[in-house]
Amino acid sequence: MVRRLGRHVITGLAGVVLLWTGSAHAIYLGNPAPDFVSGDVAIGLALSDLRETLFLDWGISDAGTLQFLYGNADLSLGADGTEFGAGYRHKIGEGFDIADKPVRLGILAMARIGEIEILNAEFDYTLIDIAFGGAYTPLENLNVYAAVVFERIDQEQAGGKGSLTDSDIGLLAGAEFWISQSILAGLELHPALENDDIVIFGEFRF
């Protein structure tokens with residue numbers, strides 16, 4: 001009975017960790033309408049209080065950009081692990097103007113698969129984000145963007161001993177500044193979600 005109770009405690013703690021920190025506020029998603037065209041390739045790094053993520057952006061068309069990522073997750077209660085994933089962003093055209101400058105609309109979808117360890121137990125999770133938003137260029141070399149995000153997380157303890165599922169809807173807002181033709185730096189916020197976090201990121205385009 002003690003052993004069974006211990007398993008339930010571990011499963012519950014891991015669920016709290018993942019559902020508390022797994023929401024969109026902890027994850028870099030990026031500009032839904034990025035300044036990428038066919039053939040562009042860039043590598044970047046995104047940092048938050050929970051994750052360090054290396055990513056590669058690849059413009060497969062003038063409208064579409066693929067992203068591949070690998071990261072470390074350092075969650076609360078001593079849980080840590082690794083994750084990898086892929087995403088796609090697609091520009092869908094100009095929606096409206098602000099001060100005679102167009103707002104560029106776009107959509108993104110991203111999936112991450114990860115594994116964490118907590119209290120000597122292993123857990124696998126899948127994190128899916130879908131967003132719709134736009135980007136605006138108020139000043140030369142400066143883009144601001146925002147999007148509505150739907151997120152779903154599925155978590156399962158290794159060996160099929162327990163699982164949890166949760167979903168969330170929130171917002172992201174960000175700004176990116178082109179320091180040069182090859183170097184971009186920015187930050188991303190996630191308002192309207194619990195424990196709002198800041199993600200800082202940089203990218204080098206070849």
Looking only at non-hydrogen atoms, find the nearest pair between Y125 and T82 and report the distance. OH-O, 4.3 Å
Contacts of Y70 that satisfy side-chain hydrogen bond (donor to acceptor under 3.5 Å, both in side chains) - sequence neighbours left out: none
Separation between CD (E151) and CG (D129), nearest 0.5 Å, reads 4.0 Å
Going by the ring-ring contact (aromatic ring centres under 6.0 Å, His included) test, which pairs reach into residues 33-54, not counting sequence neighbours? none
Indicate, with yes or no, if L54 and I200 share a hydrophobic cluster defined by side-chain heavy-atom contacts under 4.5 Å among Ile, Leu, Val, Met, Phe, Trp and Tyr. yes
Locate the shortest heavy-atom distance separating H190 from L172; write the atom from each residue and the value. CD2-CB, 3.8 Å
Rounded to the nearest 0.5 Å, how far apart are CG of N72 and CD of E52? 5.5 Å
What residues form a side chain to side chain contact (heavy atoms under 4.5 Å, CB included) with F68, not counting sequence neighbours? L56, W58, L66, A86
Would you please name every residue forming a salt bridge (charged side-chain N to carboxylate O under 4.0 Å, His left out) with D154, sequence neighbours left out? R152
Side chains of V149 and L171: does their closest heavy-atom pair fall under 4.5 Å? no
Partners passing side chain to side chain contact (heavy atoms under 4.5 Å, CB included) against I179 (at least two apart in sequence or in another chain): F177, I183, A185
For residues 133-153, the ring-ring contact (aromatic ring centres under 6.0 Å, His included) pairs (sequence neighbours left out) are none
Looking only at heavy atoms, the pair that brings D35 and R205 closest together is O-NH2, 2.7 Å
Does a side-chain heavy-atom distance below 4.5 Å link F55 with E203? yes
Just to verify, what does F96 make a ring pair (Phe, Tyr, Trp, His ring centres under 6.0 Å) with, not counting sequence neighbours? none
Minimum heavy-atom separation for G134 to P32, with atom names? N-CG, 3.9 Å
How close do F201 and L187 get, heavy atom to heavy atom, and via which atoms? CE2-N, 3.5 Å
Tell me if a side-chain donor or acceptor on E188 pairs with a main-chain N or O of G30 at a distance below 3.5 Å. yes
Name all pairs fulfilling the salt bridge (Lys or Arg N to Asp or Glu O under 4.0 Å) condition that reach into residues 56-71, sequence neighbours left out, sorted by first residue then second. D57-R89
Can I get a per-line list of side-chain donor-acceptor pairs under 3.5 Å for residues 102-112, giving both atom names and the distance, sequence neighbours left out?
| unit_1 | atom_1 | unit_2 | atom_2 | d |
| --- | --- | --- | --- | --- |
| R104 | NH1 | T137 | OG1 | 3.1 |
| R104 | NH2 | T137 | OG1 | 3.3 |
| R104 | NH2 | N143 | OD1 | 3.4 |
| R112 | NH1 | E83 | OE2 | 2.7 |
| R112 | NH2 | Y28 | O | 3.3 |

Mind checking side chain to side chain contact (heavy atoms under 4.5 Å, CB included) for A146 and listing every partner two or more places apart, or none if nothing turns up? none
Taken in chain and number order and not counting sequence neighbours, the residues that satisfy ring pair (Phe, Tyr, Trp, His ring centres under 6.0 Å) with Y88 are H90
ILVMFWY cluster, V37 and V41 together (side-chain gap under 4.5 Å): no
State plainly whether one hydrophobic cluster holds both F206 and I60, where clusters connect Ile, Leu, Val, Met, Phe, Trp and Tyr through side-chain heavy atoms under 4.5 angstrom apart. yes
For T126, what residues pass the side chain to side chain contact (heavy atoms under 4.5 Å, CB included) criterion, not counting sequence neighbours? I113, I128
Can you measure from CD (Q181) to CG (N141) and round to the nearest 0.5 angstrom? 9.0 Å
